[in-house]
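Written below as structure tokens is the structure these notes are about.
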2 protein chains.
Amino acid sequence: MRKGQKKLSASLEALKKAEAICESNGLKLTKLRKQVLNLIWKKPGYVKAYDLLDELKKVDPSAKPPTVYRTLDFLMENGLIHKIQSVNAFIGCPHPDEHNECYFLICDRCQKIEECCSTKINNVVSSTSKNNNFTPSKVTFEIAGTCQNCLN
Amino acid sequence: MRKGQKKLSASLEALKKAEAICESNGLKLTKLRKQVLNLIWKKPGYVKAYDLLDELKKVDPSAKPPTVYRTLDFLMENGLIHKIQSVNAFIGCPHPDEHNECYFLICDRCQKIEECCSTKINNVVSSTSKNNNFTPSKVTFEIAGTCQNCLN
DNA sequence: AACAATGATGTTATATTATAACATTTATAT
DNA sequence: ATATAAATGTTATAATATAACATCATTGTT
Ligand SMILES: [Zn+2]
Ligand SMILES: [Zn+2]
Ligand SMILES: [Zn+2]
Ligand SMILES: [Zn+2]
């Protein structure tokens with residue numbers, strides 16, 4: 001497999017899933033939303049909102065912060081991307097059709113993020129909440145560190 | 001126990017621990033640092049940096065953002081407080097002498113935060129990292145939702 | 001087709017969160 | 001007393017995000 005190819009197909013895959021999800025929910029995946037989703041998937045690591053804005057401006061100089069943040073909000077609401085709270089950045093979700101609470105491994109060096117969702121984590125969230133009489137609604141679980149690739 | 005008493009003693013307790021930690025590490029818990037730590041503990045829920053700044057200005061009108069952020073940095077470096085990433089706010093650590101990776105339950109309604117550290121969570125962090133050939137350095141684990149008290 | 005209603009985008013302005021860079025003061029060690 | 005380092009003061013600005021209102025596009029109804 002050539003360099004970039006895996007990423008390319010992941011991006012296409014993501015777009016297809018996004019279209020399916022929007023279709024089945026009566027939502028519109030507009031040109032702008034597609035553009036932003038593609039920009040997010042094209043970057044090898046996580047993406048900052050204002051970097052996205054700069055990219056957008058290249059094709060539409062009138063793009064402004066609300067252009068980006070509104071689009072990010074739409075994509076997040078529909079599980080297509082995630083906000084990574086510990087770095088204030090965004091990343092595409094590789095499986096938006098499966099569930100919406102995702103967990104992350106964030107490499108400090110290369111900015112790449114892997115999802116690490118598991119029932120094990122889900123279970124710990126549940127039991128921790130139960131033990132504390134807490135009703136959970138949103139989980140933030142992010143492990144920052146160094147990925148295998150960057151360790152060498 | 002009267003209202004506020006639990007919080008008061010928790011605050012005093014926190015200050016004592018802070019003094020001990022600084023003492024044993026050759027660090028200075030200056031007047032400013034004590035003030036900020038106290039302000040954080042006095043609030044019933046989490047505290048925003050600029051709210052702290054407003055409080056500080058009441059006693060020292062010359063206080064400015066770096067005053068607050070530098071002090072917060074010191075307190076965080078020494079495990080005395082935590083930054084809550086999902087709300088961009090700060091909270092005192094009830095057990096800064098025990099460990100430094102803490103996990104949180106955050107009530108959306110009353111802004112109160114409980115630490116929910118457990119070996120169970122530590123173990124999941126370890127196993128998740130191991131399974132992904134990832135070397136963790138900093139964990140963000142925050143469950144947002146509704147606390148028992150606010151549910152009624 | 002005309003109209004109303006909704007959703008999406010455009011635009012201006014501003015709010016919120018955080019840091020860089022350099023100056024001054026205070027504490028500590030020699 | 002002097003040098004050094006640590007802490008604080010000060011100015012300016014960077015980075016992140018939203019409020020409010022205007023315009024345009026899409027859809028459904030009359
Ligand atoms: Zn995901
Ligand atoms: Zn890496
Ligand atoms: Zn803690
Ligand atoms: Zn509550």
Side-chain angles (χ1 to χ4, degrees), chain A residues 18-19 21-23 25-37 39-40 43 45-78 80-91 111 140 142, chain B residues 18-19 21-23 25-37 39-40 43 46-78 80-91 106 111 140 142:
Chain A
E19 279 166 346
I21 285 169
C22 288
E23 169 75 16
N25 292 7
L27 302 166
K28 276 175 288 191
L29 194 63
T30 60
K31 184 182 156 198
L32 177 62
R33 290 164 178 173
K34 271 188 208 176
Q35 282 174 331
V36 170
L37 188 58
L39 285 172
I40 290 173
K43 289 262 173 178
Y46 58 69
V47 192
K48 310 284 284 184
Y50 277 75
D51 289 343
L52 271 177
L53 179 54
D54 290 341
E55 290 297 316
L56 267 185
K57 277 178 172 166
K58 289 180 185 170
V59 299
D60 176 3
S62 81
K64 290 179 185 58
T67 314
V68 167
Y69 281 101
R70 275 196 297 231
T71 307
L72 290 172
D73 284 345
F74 173 87
L75 296 172
M76 278 191 285
E77 274 162 19
N78 296 290
L80 301 171
I81 64 171
H82 301 292
K83 179 170 185 185
I84 308 299
Q85 301 288 355
S86 56
V87 292
N88 291 324
F90 301 85
I91 192 84
Q111 280 71 58
T140 300
E142 302 172 3
Chain B
E19 279 165 347
I21 285 169
C22 288
E23 170 74 16
N25 292 8
L27 302 166
K28 278 175 290 193
L29 195 62
T30 61
K31 183 183 156 198
L32 177 62
R33 289 164 179 174
K34 271 188 209 177
Q35 282 175 331
V36 171
L37 188 58
L39 285 172
I40 290 172
K43 289 262 172 179
Y46 59 69
V47 191
K48 310 284 283 181
Y50 277 76
D51 289 344
L52 272 178
L53 179 54
D54 289 341
E55 290 296 317
L56 267 185
K57 277 179 172 166
K58 289 179 185 170
V59 298
D60 175 4
S62 80
K64 291 180 184 56
T67 314
V68 166
Y69 280 102
R70 276 197 296 230
T71 306
L72 290 172
D73 284 345
F74 172 88
L75 296 172
M76 278 192 284
E77 275 161 18
N78 295 290
L80 302 171
I81 63 169
H82 301 292
K83 177 169 185 187
I84 307 300
Q85 301 289 354
S86 57
V87 292
N88 292 324
F90 301 85
I91 192 85
I106 306 160
Q111 281 70 60
T140 300
E142 302 171 2

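Throughout, a chain's letter reflects where its sequence line sits, starting with A, and its residues are numbered from 1. Excluded from the calculations below are hydrogen atoms, water molecules and symmetry mates; all remaining heavy atoms, backbone and side chain alike, are included.
Remark: C1' of C/dA8 and CG of A/L29 are 13 Å apart, rounded to the nearest angstrom. The distance from atom CG of B/L53 to atom P of C/dT19 is 14 Å, rounded to the nearest whole Å.
No side-chain heavy atom of A/L39 sits less than 4.5 Å from a side-chain heavy atom of A/V47. Side-chain contact between B/L75 and B/V36 is present, with at least one heavy-atom pair separated by less than 4.5 Å.
For B/D54, the side-chain contact (heavy atoms from CB on, under 4.5 Å) partners are B/D51, not counting sequence neighbours. Every residue meeting the side-chain contact (heavy atoms from CB on, under 4.5 Å) condition with A/A49, not counting sequence neighbours, appears here in chain and number order: A/V68, A/Y69, A/L72, A/F90.
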Once each nucleotide of nucleotides 6-22 of chain D is scored for protein heavy atoms under 4.0 Å, what B/S/- sequence comes out, 5' to 3'?
-SBBBB----BBBBB--

Show your working on side chain to side chain donor-acceptor pair (under 3.5 Å) between B/S86 and B/E142 and close with a plain yes or no.
CA-CA 7 Å; B/S86 57; B/E142 302 171 2; 2.5 Å; yes

